[in-house]
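Every chain is numbered from 1 and lettered A, B, ... according to where its sequence line falls, protein lines coming before strand lines. Below, each value reflects all heavy atoms present in this structure, side chains not excepted, and no hydrogens, waters or symmetry copies.
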Amino acid sequence: MPIITLPDGNKLEFAAPVSIREIAEKIGKRLAKDALAGEVDGKLVDLSCVVAADAKIRIITPNLPEGLELMRHSAAHVMAEAICEVFPGTKLAYGPAVKDGFFYDVDSPEPITDKDLSNIHKAMQKIVKKNQPFERHELGRAEAGEKYRHDEYKTDNIERAGGEVISFYRQGGFEDLCRGPHVPSTGRIGAFKVMSLAGAYWHGDETKQQLTRVYGTAWATQEELDAHLHRLEEAKKRDHRKLGRDLGLFEFHPEAPGMAFWRNNGVLLYRGVENYIRDLCNKHGYEEFRTPQILVKDLWVTSGHWENYADKMYITEKDGREFGVKPMNCPGSLILYKAGLYSHNDLPLRWAEFGHVHRFEGSGEVHGLVRVRGFTQDDAHIFCTPKQLQKEIEHCIQFVFEVYTTLGMKFDHIELSTRPEKSIGTAEMWEVAEKALQGALEELKINYKLNPGDGAFYGPKIDFHLADAIGRTWQMGTIQVDFALPERFDLHYVDEKSERQRPVMIHRAVSGSLERFIGVLVEHYAGDFPLWLAPEQARLLTITDNHIEYAEKVATLLREKNLRVKVDRRGGKIGAKIRDGELQKIPYLAIIGDKEVEDGLVSVRRRLAGDLGQMTAEDFAKRLAEEVATKALPPE
RNA sequence: GCUGCUGUAGCUCAGUAGGUAGAGCACUUCCUUGGUAAGGAAGAGGUCUCGAGUUCGAAUCUCGACAGCAGCUCCA
């Protein structure tokens, strides 16, 4: 006689084993209608699943995150059936629910193209209309393997599935191997849309064949689907590549694929970020260095970069000698360290370098400013004793947080990556390094994800990831512990007993790359930068030509306070000048006409905040200088 | 690098069935001196990314290159 405990604590008693569907019906008609699946003692199950023993039960409906995920997973099955209809002979590899939707990786006998998406969508609509139940059935491992021995993907999935029972789900005449659970029938997958196509390697392995990945999105209601599509449209407007061009920040040209050309507004922004970090370096006890752009091959062989990344380095040859354009700044620092003599009293040495590096990223890998072939790392190399290591890491983490907090940016996640297969150094070095990083994270009580095997070839690392306008995440700041390079370059310091010891090295970058950082920054603010970073902080708009002289005087006053200001002295109506200023996202527009000239005033509009009324030119200058000094975030 | 897609004026885009191109905005000039998100008129601007091919004829069809977009892989 199962006693069912509901989330609110109420209990229901049944005389015989009952299905989730029956439980839902007992609770209420409306719930039974909405129910997609159940959760029995924390495990998701089909609505048809029968409960025989006492259990805690939740009914899963479309408005719960689990319900939405289920709908998306079921939508993937419906799409798989549709694809098989449109492309008979298609084999199915993998089709999970993902953020905002789902995809299915398929192996179709002929290529699927964009033009086929609407046909797939139509086929899905027909399947949904039939509203066929999802039916689970199970086979023994051996039996399942035999049944699908001609399908390499199913065979593989069966091999990977745990347990002796392999479950399948059927909807009408279509069957797919699946752990489940599913929504009760094909009519219950909500509002959906087939979105796009892409290639995807089987198991994400480049050496395996490439499958076709079909992406879809699904939502509980049409309104939510529309809202999602609208959000995507809105996000496009924040795309840093578009804003970069529209706001005159930077652009790209085929003459230097994957490398940015910066216009003045972009340079002002770039310099703002760079100088800010530079000032913080000073505050945190760093010294700044600069090392050559092109260094001999032998150096890259010693550092291990040649072995690991020669094909991604820009290589040049003169007088029969090979040189590499630097892809990292560290070897330059190592040379400088080695050329000096340091004692334990000198450590830690915090050496910063804004070094411009080049990496030949693959043609499909470059992406606006966030993945480029030439970029400046706000790099630093910290040489310290093993004892100082963890404290130095903590110091780096705090530095990173200081910058992102000031800018009002939130990390998507923080990652600790450990030793990869291809690496240099001993197991012991790696262990000490990984422990130091982990220790620092834990000391500062920072949530992080473990990412095993994803460290740099010379050491483990902590990475700080941020999301762009459409939710793609990018690695920004990084802190990497390196025992290997000091060894390879035979670095040492003199300890208290006058003995030579090996220093540890930390590689750290706060922004990661200034280019990527600015790309994400543009999307984060949608071009409405805090005043201290805005390229053009204020624009003075004259009503008529008669006001130009006074406007220039006000401009001079502002420039004396180190503010970046321009005068819009064109003809035309004030409305048009305001519109231009707003479209270019200028933080402050000040209107100057007869009234202002007469009384030494300006009429001020703050973007995103509106009309501030009249104030004296002096007060205006003071207000802006204050906003710059406090690094205030833009108005909401 | 891989799969699919795209490339027409500075920007956003149209171009029907192969018959050598069009709009809006921006720009220039003139008129307008106008008070809080577009004043009016006229004008200029294109080797339709590049190269081959098919054709009497290619922006349009085919192939290749280059660049870009989405995803995958990679990201020291």
Side-chain angles (χ1 to χ4, degrees), chain A residues 103 105 108 111-117 195-215 236 239 241-242 245-246 251-258 300 303-313 326-331 357 359-368 370-373 375 377 420 422-424 454-459 461 463 470 472 474-475 478 480 482 485 507 512-513 516 541-547 571-583 589-596 603-605 607 610-613:
Chain A
F103 66 75
D105 285 348
S108 58
I112 303 177
T113 72
D114 288 4
K115 291 159 195 84
D116 302 312
L117 295 182
M195 298 293 282
S196 60
L197 287 170
Y201 298 107
W202 194 21
H203 295 316
D205 183 342
E206 209 182 352
T207 61
K208 297 276 193 333
Q209 70 267 42
Q210 196 162 35
L211 304 165
T212 304
R213 177 169 294 180
V214 188
Y215 279 93
K236 264 193 207 164
D239 189 313
R241 293 163 299 187
K242 177 175 167 46
R245 202 176 44 234
D246 291 351
E251 50 208 68
F252 291 89
H253 296 280
E255 288 78 1
W300 303 110
S303 71
H305 289 91
W306 198 268
E307 190 191 340
N308 285 284
Y309 292 105
D311 58 331
K312 300 226 166 201
M313 282 176 66
K326 68 177 175 184
M328 285 190 84
N329 300 303
C330 42
V357 299
R359 300 175 181 180
F360 188 78
E361 305 287 5
S363 60
E365 286 150 1
V366 293
H367 181 98
V370 296
R371 190 81 185 268
V372 280
R373 290 180 175 154
F375 57 96
Q377 291 180 315
K422 225 178 157 189
S423 57
I424 57 176
D454 216 32
F457 73 85
Y458 48 73
K461 56 178 186 162
D463 294 325
I470 63 168
R472 290 177 291 217
W474 301 94
Q475 179 195 307
T478 184
Q480 313 176 347
D482 185 354
L485 290 181
H507 309 241
S513 104
R516 173 175 290 182
L541 315 179
T542 53
I543 301 282
T544 75
D545 296 355
N546 302 329
H547 312 119
K573 291 197 175 172
I574 193 69
K577 293 189 185 186
I578 288 169
R579 181 164 196 272
D580 286 349
E582 290 284 346
L583 289 176
L589 298 178
I591 292 143
I592 291 171
D594 285 342
K595 285 181 265 175
E596 287 77 14
S603 287
V604 181
R605 284 174 62 113
R607 183 165 158 79
D611 195 351
L612 301 183

How would you label the contact of [X] with the nucleic acid (heavy atoms, under 4.0 Å): base, sugar-phosphate, or nothing?
{"X": "A:Gly610", "value": "nothing"}
{"X": "A:Lys208", "value": "nothing"}
{"X": "A:Gly204", "value": "sugar-phosphate"}
{"X": "A:Tyr215", "value": "sugar-phosphate"}
{"X": "A:Glu255", "value": "nothing"}
{"X": "A:His367", "value": "sugar-phosphate"}
{"X": "A:Asp594", "value": "base"}
{"X": "A:Ser603", "value": "base"}
{"X": "A:Phe252", "value": "nothing"}

Whole-Å gap separating [atom2] ([N]) and [atom1] ([X]):
{"X": "A:Leu583", "N": "B:C11", "atom1": "CG", "atom2": "P", "result": "17 Å"}
{"X": "A:Asp611", "N": "B:A37", "atom1": "CG", "atom2": "P", "result": "10 Å"}
{"X": "A:Asp580", "N": "B:G34", "atom1": "CG", "atom2": "P", "result": "20 Å"}
{"X": "A:Arg579", "N": "B:C25", "atom1": "CZ", "atom2": "C1'", "result": "9 Å"}
{"X": "A:Gln377", "N": "B:C75", "atom1": "CD", "atom2": "C1'", "result": "12 Å"}
{"X": "A:Ile591", "N": "B:G34", "atom1": "CD1", "atom2": "P", "result": "16 Å"}

Would you call [X] and [Y] a salt bridge, using N to O less than 4.0 angstrom?
{"X": "A:Glu365", "Y": "A:Lys312", "result": "yes"}
{"X": "A:Asp205", "Y": "A:Lys208", "result": "yes"}
{"X": "A:Lys422", "Y": "A:Glu307", "result": "no"}

Taking a pair as Watson-Crick or G-U wobble with both distances under 3.5 Å, which nucleotide is matched to B:G7?
-> B:C66
Any strand, both distances under 3.5 Å, Watson-Crick or G-U wobble: B:G71 pairs with B:C2
Choose from B:U36, B:A76, B:G34 the nucleotide whose nearest atom is closest to any side-chain atom of A:Met328.
-> B:A76
Report the residue (A:Pro254 or A:Glu206) whose heavy-atom-nearest nucleotide on RNA chain B is the more 5′ of the two.
-> A:Pro254
In terms of the nearest nucleotide of RNA chain B, which residue is placed more toward the 5' end: A:Ile470 or A:Ala456?
-> A:Ile470
Could you tell me whether the side chain of A:Glu251 has a donor or acceptor atom within less than 3.5 Å of a complementary atom in the base of B:G10?
-> no
Measure distances between side-chain N and O atoms of A:Arg371 and base N and O atoms of B:C74, and say whether any donor-acceptor pair falls under 3.5 Å.
-> yes
Is the A:His305 ring parallel, tilted or perpendicular to the A:Phe457 ring (thresholds 30°, 60°)?
-> perpendicular
Answer yes or no as to whether B:A76 has its base stacked against A:Tyr309, where stacking requires a ring-centre separation under 5.5 angstrom and planes under 30 degrees apart.
-> yes
